[in-house]
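For reference, the structure discussed in these notes is given below.
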Amino acid sequence: MPHDAPLITTLAGGIVLAFLLGALANRLRISPIAGYLLAGIAVGPFTPGFVADTELAPQLAEVGVILLMFGVGLHFSLEDLLSVKGIAIPGAVVQIAAATALGVGLAELMGWSLGAGLVFGLCLSVASTVVLLRALEERGLVETRRGRIAVGWLIVEDLAMVVALVILPALAGSLDGGGPGTLAERLADPGLWLALALTLGKVALFVAIMLVVGRRAIPWLLARIVLTGSRELFTLAILAVALGVAFAAAELFGASFALGAFFAGMVLSSSDLSHDAAEEILPLRDAFAVLFFVSVGMLFDPLVLVQQPLPVLAVVLTIVVGKSLAALLIVLAFGHSLRTALTVSVSLAQVGEFSFILAGLGMSLGLLPKEGQDLILAGAIVSILLNPVLFGLLGRLEPWLEARSLRAAMEAEPVATPVALDLAGHVIVVGYGRVGRRAAQALAARGLPFVVVERRAELLGGAPERPGGRAIVGGAERPETLSAAGIRQAHAILVAIPNGYEAGRIVTLARELNPAIAVIARAHSDAEAEHLREQGAQTVLLAEHELADRMVTLAAGDRVEGADRQTVAAA
């Protein structure tokens with residue numbers, strides 16, 4: 001049979017090489033992202049050997065962006081988005097303007113036209129969805145106040161780029177010095193503003209439909225699928241919703257794929273099925289997100305680093321220093337804490353997918369020279385590689401600031417007041433979902449003291465205010481959160497969150513802070529259970545195993561009176 005299958009060869013070559021180089025990077029204690037980018041360069045057209053399909057790879061990468069934004073939407077509510085609009089909207093607009101101005105100045109130094117400078121500046125002003133969310137998720141920041149500001153900022157940037165994609169073709173003739181009329185005359189053209197109003201109107205219509213119709217229809221559809229009892233259909237339904245809504249947003253309403261997927265996830269977030277949907281989509285999301293970095297590497301010509309070192313350095317400084325400094329000052333000017341300002345500025349210190357789309361449009365319109373696209377790609381590669389390093393420096397900087405009594409000047413991270421010193425022998429419950437809530441209720445019923453640690457304050461809702469129960473709002477993977485929960489005096493910790501790898505980090509930290517503590521965790525598979533045991537969990541419960549053991553016990557007749565009338569629930 002013929003073996004000319006570009007899709008399969010691109011997937012196989014990209015993923016296999018990304019795995020090998022990503023594992024090597026991890027072994028060398030650097031970010032796996034570096035390995036993924038190098039894999040893309042290796043299979044790209046600018047290096048010898050196997051060359052992947054340069055048209056298919058970006059499309060596969062776009063699937064990763066869609067699934068990633070859908071996953072973020074699942075953990076984001078409309079209230080979360082509206083709560084940060086006061087800083088996200090003006091902050092993003094001012095930051096885009098500042099970064100664009102820096103790009104125009106840099107283009108002027110290189111002798112480019114105003115149009116080239118505007119396109120160049122816009123490309124440098126917008127951050128990568130994948131890089132930003134990966135960094136926030138790895139550090140448990142997505143659902144914190146700082147993380148929500150960064151994500152809201154990202155949404156505004158996406159909307160601004162949608163507007164830019166509408167305006168640039170209309171102004172191309174005037175911006176490059178050709179075409180009818182001056183720039184002022186083109187800006188006064190009613191047709192331009194009509195096209196812009198139509199685009200914004202369609203985006204607003206899409207958002208309204210999702211909030212009014214989608215908020216009811218999508219959860220209803222998934223609930224009906226659950227009743228079929230088919231996990232395969234449920235997974236397929238999640239993919240259909242994420243990809244279908246993203247495609248409809250782009251094709252029918254002029255929005256971006258990422259924006260459509262985000263709202264699809266957000267309207268599902270209020271459903272009881274949101275956690276199940278997140279678990280089902282996680283493996284596919286991570287696999288396709290890796291392809292994003294591979295596709296970026298494929299576009300990059302390494303020779304540009306040798307041929308134009310000074311322009312590349314200037315672009316990297318504009319992205320990493322200029323844009324970040326602008327974001328830092330903007331966030332501080334709006335009265336937010338230094339910690340929030342540093343997190344947002346570091347999050348935005350890179351460029352990605354929208355930059356490539358804008359650069360491609362600029363070249364097709366004759367505005368941006370090929371040299372400009374090469375510099376944007378070089379800046380993207382270097383800034384993406386530097387971003388994990390910057391986050392690492394930020395993590396080291398926070399304790400330094402706190403040690404100098406600057407903690408009060410920083411945002412009150414949802415790490416609450418430490419528990420009373422006389423509280424000892426208590427149980428810490430990490431996660432207040434269905435399992436954590438049930439565990440807390442059982443502890444309260446037995447009169448045992450406990451502390452609930454939950455990242456999302458809205459899940460608590462005052463429920464842990466039972467006798468003996470207290471609540472800490474924050475991420476349990478942070479030492480200060482577990483310290484506030486009294487980890488060193490605790491008798492046991494119940495890790496009730498569904499994500500096995502995040503749970504592993506919490507288990508490791510708990511064991512470091514209190515080697516004698518009893519660690520009990522939940523898992524969804526034998527692999528997760530083994531991982532948690534390796535991290536130090538003494539007891540790991542699998543729902544299927546516990547159910548099977550209980551069913552056998554009941555079938556064998558070892559049951560209390562009336563047990564045949566009770567429902568036995570397992571985590």
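For the numbers below, each heavy atom of this structure counts, side chains included, while hydrogens, waters and symmetry mates do not. Please read all numbers here as calculations on a predicted model, not as lab measurements.
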> Please walk me through it: do R470 and V452 pass side-chain contact (heavy atoms from CB on, under 4.5 Å)?
Replying inline: CA-CA 6 Å; R470 310 185 190 189; V452 173; over 6 Å; no
> Does the side chain of R522 reach to within under 4.5 Å of the side chain of V540, using non-hydrogen atoms?
Replying inline: no
Under 3.5 Å, side-chain donor or acceptor atoms of residues 328-335 against the rest of the protein: list the pairs with distances, not counting sequence neighbours.
none

All N/O donor-acceptor pairs, side-chain side in residues 223-230, below 3.5 Å, sequence neighbours left out:
residue, atom, partner, partner atom, Å
T228, OG1, I225, O, 2.5
T228, OG1, S230, N, 3.3
S230, OG, L233, N, 3.1

> Can you find a heavy atom in the side chain of F288 that is under 4.5 Å from one in the side chain of L60?
Replying inline: yes
> Does the side chain of F247 come within less than 4.5 Å of F257's, by heavy atoms?
Replying inline: yes
> Mind checking what makes salt bridge (charged side-chain N to carboxylate O under 4.0 Å, His left out) contact with R488, not counting sequence neighbours?
Replying inline: none
>> Could you work out, with side-chain hydrogen bond (donor to acceptor under 3.5 Å, both in side chains) as the rule, every residue matching R231, not counting sequence neighbours?
In response: E280
> Of all residues at least two apart in sequence or in a different chain, which pass the side chain to side chain contact (heavy atoms under 4.5 Å, CB included) check with A510?
Replying inline: L482, I487, I493
> Do R215 side-chain atoms and V267 backbone N/O form a donor-acceptor pair below 3.5 Å?
Replying inline: no
> For the atom pair CZ (R146) and OG (S347), what is the distance rounded to the nearest 0.5 Å?
Replying inline: 9.0 Å
> A92: what forms a side chain to side chain contact (heavy atoms under 4.5 Å, CB included) with it, not counting sequence neighbours?
Replying inline: W153, V156, E157
> Residues two or more places apart in sequence or in another chain: which of them pass side-chain hydrogen bond (donor to acceptor under 3.5 Å, both in side chains) with R533?
Replying inline: none
> Does A349 have any side chain to side chain contact (heavy atoms under 4.5 Å, CB included) partners at least two apart in sequence or in another chain, and if so, which?
Replying inline: S324, N387, L390
> Got a sec, which pairs hit salt bridge (Lys or Arg N to Asp or Glu O under 4.0 Å) with one end in residues 232-247, sequence neighbours left out?
Replying inline: none
> Does the side-chain contact (heavy atoms from CB on, under 4.5 Å) test come out yes or no for L37 and L21, once each step is laid out?
Replying inline: CA-CA 9 Å; L37 292 169; L21 294 178; over 6 Å; no
>> Between S383 and V351, does the side-chain contact (heavy atoms from CB on, under 4.5 Å) criterion hold? Intermediate values first, please.
In response: CA-CA 7 Å; S383 64; V351 297; 4.3 Å; yes
>> Show, in sequence, the C-alpha distance, side-chain angles and deciding distance for T481 and I472, and conclude whether the side-chain contact (heavy atoms from CB on, under 4.5 Å) test is met.
In response: CA-CA 7 Å; T481 305; I472 297 287; 3.9 Å; yes
>> So, using side-chain hydrogen bond (donor to acceptor under 3.5 Å, both in side chains) as the criterion, who are the partners of E512 when residues are at least two apart?
In response: none
> Does I497 have any side chain to side chain contact (heavy atoms under 4.5 Å, CB included) partners at least two apart in sequence or in another chain, and if so, which?
Replying inline: V430, V495, E502, A503, I506
>> Under the rule for side-chain hydrogen bond (donor to acceptor under 3.5 Å, both in side chains), what residues qualify as partners of E62, not counting sequence neighbours?
In response: none
> Is the shortest heavy-atom distance from the side chain of Q350 to the side chain of L132 under 4.5 Å?
Replying inline: yes
>> With rounding to the nearest 0.5 angstrom, report the CD1 to CZ distance, I155 to F263.
In response: 6.5 Å
